[in-house]
Novice: 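Below: one structure in structure tokens.
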Protein chains: 2
Amino acid sequence: MVRKLKSRSPDARASGAPSVTLIDVARVAGVAPMTVSRALHRPELVREETQKKVLAAVRATGYVPNMLAGGLASSRSRLVAVLLPTIASSIFAETVQALMDGLSVANYQTLIGLTGYSASREEALVEALLGRRPDAIVLAGTDHTNTTIDRLTRTGIPVVEIWDLTEKPIDMVIGFSHEQVGREVARHLLQKGYHRFGVISVNDPRGLRRCESFRAELARHGISECPFETLPAPATLEGGRRGLSHMLEYTTPDIIVCSSDTLAEGVLMEAASRGIQVPTDLAVMGFGDLSMAAQLHPALSTVKVGGADIGKRTAEALLERFETAPPAGPRCIDTGFAIIDRESA
Amino acid sequence: MVRKLKSRSPDARASGAPSVTLIDVARVAGVAPMTVSRALHRPELVREETQKKVLAAVRATGYVPNMLAGGLASSRSRLVAVLLPTIASSIFAETVQALMDGLSVANYQTLIGLTGYSASREEALVEALLGRRPDAIVLAGTDHTNTTIDRLTRTGIPVVEIWDLTEKPIDMVIGFSHEQVGREVARHLLQKGYHRFGVISVNDPRGLRRCESFRAELARHGISECPFETLPAPATLEGGRRGLSHMLEYTTPDIIVCSSDTLAEGVLMEAASRGIQVPTDLAVMGFGDLSMAAQLHPALSTVKVGGADIGKRTAEALLERFETAPPAGPRCIDTGFAIIDRESA
DNA sequence: CTGTTAGCGCGTTCAA
DNA sequence: TTGAACGCGCTAACAG
């Protein structure tokens, strides 16, 4: 029987090798292309013998399925787009790593976009990434431009907002309440007897919200004075040092609360160089509990939030969603946090 | 005039919104689909007036180009695949960040695969990622399985091996010589007068090579005794602590050389808890110069290697390669390194 | 269990 | 400067 299968494309790319296609494999295996496709994706629908022939042909030809074509035909790209401020910060890196690990076992790949905390960049990236027709999209934070929200809702793909919590998510949220962190840290420190507070933060939106909530809670307890230094993102050791230096010019706090461990390290550094005893003369509270130095320094308290945990749970939520057809309505997962008090250790 | 343009696909996905296509835009703009495509990708080939109509239609419809279809039709995916051991290590995170930044300005997106230092995982990932038909692939290291090398050379796409150097790269290499690092560190320390060396390393292939080269250079200078502790990857503070503890059970080095700053931090930690003065009683040399604690601790020497620099130069090399058609032959870029001696600071 | 038909949405190539 | 035909490589849907 004569098969009228097209031979092969002229060439994949200018100098590239002529890529092997399903048709080539089918010819070698002596079956129809569709059978090859099934043998590869739904082996249970194929006789064992055929299956073997196909796999042999795949190996013989070195066939690698073209997922651009597959995605186009099936409207399933097996791609998840992830938008984060940065990846060069261990806390987000852990999230991505855990997310990727979780998704990869189900054969999903991850497309990453870095926003650098800019909403307009996020907007542009969302559009660019949607061009790949991802099966889901993960965004850091819950604060997006209208265009972004609009596009996302219209496409109707699963959306997960992470690292924050909100009453009305676009679709799903997985994170913790930054307001609650600020509030509980304030209560914790008040209870420990601190009086003169100082706050140092970078101008990352979530960090600022933690700090504002912290100060609001202090105010609720009658402490309206709370010096506040803000620095441009990203957080650096140098920033922490300068923040403390500057603050000491006009006040003498007994505890400094920082928007991140990195900043807190800088504060510790500056304190050390001035001969200030931590935590005796000055206590320091960070956020993140990830930096190695935070673990090293026995006097640094911090707030532990599970970066990896968020990634893991996001992967789980998505995989579950991919299984079950109906969206099942908006969903919120609070991953919580823990105040780690190292002074008492 | 009656246009026979197909209306639209039944639906993009089960519950998804029926995705807007080029045809929809064309209909709204009153031009042929091809004209829309040109207006978007090669505006210079289109009359200004037509251009405006098209852009208006794009905005009106909320059209987002389908890059699966575009890539399939043009054999150019505008995707670069990157394979790294991990991303939850600040040194690689910096590389990725810089690489992504560099590529994104040219509208390339990045697909990341995490190997966890496993060659077999790398092999599987290469196959999976090649399925997306990336326009280039970036791999950490120069040590790959034959299957990997084979597949890579056959596809003929640009390949960059980073974080290492080799005489015969698959295509391009951008990194530094780990042997040279080991050698120069040895010479540096010998010259400073150290006698009793100890080495602590995780079993990451490149780390081991630095350490082996270090010990070989010592041997060349008549020092054949060099206690060597290896630990399973990834590097942790705990590992560093245990490494030092264990070593102190059978020897008393005057300097410890570690395969990474993280390990070095652990060593510092253990030393501190034992009341050992650094660097007076025991000096410590790390690798990476990235961890905050390394910057904090004035007594820790280290080897600085540009993680971000590697990423940036890789992006540059690729973009250049995408411009110029002919491969121009194998290419090696040595990004070098610097020994940072903090004892004398 | 396997094959056939008919696109998926776009860019290439040529003709107008 | 614009349009029409065709095919990229694959899978959904149905037929056998």
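Proteins get letters first, then strands, A, B, ... in listed order; numbering begins at 1 in each.
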Novice: Could you check how far CG of A:L40 sits from C1' of C:dC1, rounded to whole Å?
Specialist: 17 Å
Novice: D:dC8, D:dC10, D:dT2: which one has an atom nearest the side-chain heavy atoms of B:L72?
Specialist: D:dC8
Novice: Rounding to a whole Å, what distance do you find between B:L45:CG and C:dG11:P?
Specialist: 13 Å
Novice: Dump the intermediate steps for side-chain hydrogen bond (donor to acceptor under 3.5 Å, both in side chains) on B:E161 and B:T142, then the final yes or no.
Specialist: CA-CA 6 Å; B:E161 293 166 275; B:T142 55; 5.0 Å; no
Novice: Ion pair present between B:R331 and B:E320, side-chain N to carboxylate O less than 4.0 angstrom?
Specialist: yes
Novice: Round to the nearest Å and state the distance from A:R133 atom CZ to C:dC8 atom C1'.
Specialist: 11 Å
Novice: Nearest to the A:S74 side chain among D:dG3, D:dA12, D:dC10, which nucleotide is it?
Specialist: D:dA12
Novice: May I have the distance from B:I23 (atom CD1) to C:dG7 (atom C1'), rounded to whole angstrom?
Specialist: 11 Å
Novice: What do the steps show when you test A:R78 against A:Q109 for side-chain hydrogen bond (donor to acceptor under 3.5 Å, both in side chains), and what is the final call?
Specialist: CA-CA 6 Å; A:R78 289 202 159 270; A:Q109 290 170 5; over 6 Å; no
Novice: In whole angstrom, give the distance that lies between atom CG of A:N66 and atom C1' of C:dC10.
Specialist: 14 Å
Novice: Where the side chain of B:R47 is defined as all heavy atoms beyond and including C-beta, which of D:dA13, D:dG9, D:dT1 is the nearest nucleotide?
Specialist: D:dT1
Novice: Check this for me: does any side-chain nitrogen of one of B:K312 and B:D309 sit under 4.0 Å from a carboxylate oxygen of the other?
Specialist: no
Novice: Round to a whole Å and report the spacing from CZ of B:R42 to C1' of D:dT1.
Specialist: 13 Å
Novice: Does D:dC10 have its OP1 or OP2 closer than 4.0 Å to a side-chain nitrogen or oxygen of A:S37?
Specialist: no
Novice: Rounded to the nearest Å, what distance is computed from the OH atom of residue B:Y63 to the P atom of nucleotide C:dG9?
Specialist: 10 Å
Novice: What is the separation between atom CD on A:E44 and atom C1' on C:dC1, rounded to the nearest whole Å?
Specialist: 12 Å
Novice: Check whether any side-chain N or O of B:S74 sits under 3.5 Å from a backbone N or O of B:G70 as a donor-acceptor pair, and report yes or no.
Specialist: yes
Novice: Can you figure out which of D:dT11, C:dG3, D:dC8 approaches the side chain of A:H41 most closely?
Specialist: D:dT11
Novice: Looking only at the side chain of A:V46 (C-beta and beyond, no hydrogens), which of the listed nucleotides C:dG3, C:dT2, D:dC10 gets closest?
Specialist: C:dT2
Novice: Can you tell me if A:T35 touches the phosphate of C:dT2, counting only side-chain N or O atoms and a distance under 4.0 Å to OP1 or OP2?
Specialist: no
Novice: Would you kindly check whether a donor in the side chain of B:R38 faces an acceptor in the base of D:dG3, or vice versa, at under 3.5 angstrom?
Specialist: yes
Novice: Has A:T50 got a side-chain N or O lying under 4.0 Å from the OP1 or OP2 atom of C:dT2?
Specialist: yes
Novice: Taking the minimum atom-to-atom distance to the side chain of A:M34, which one of C:dG3, C:dT2, D:dC10 wins?
Specialist: C:dG3
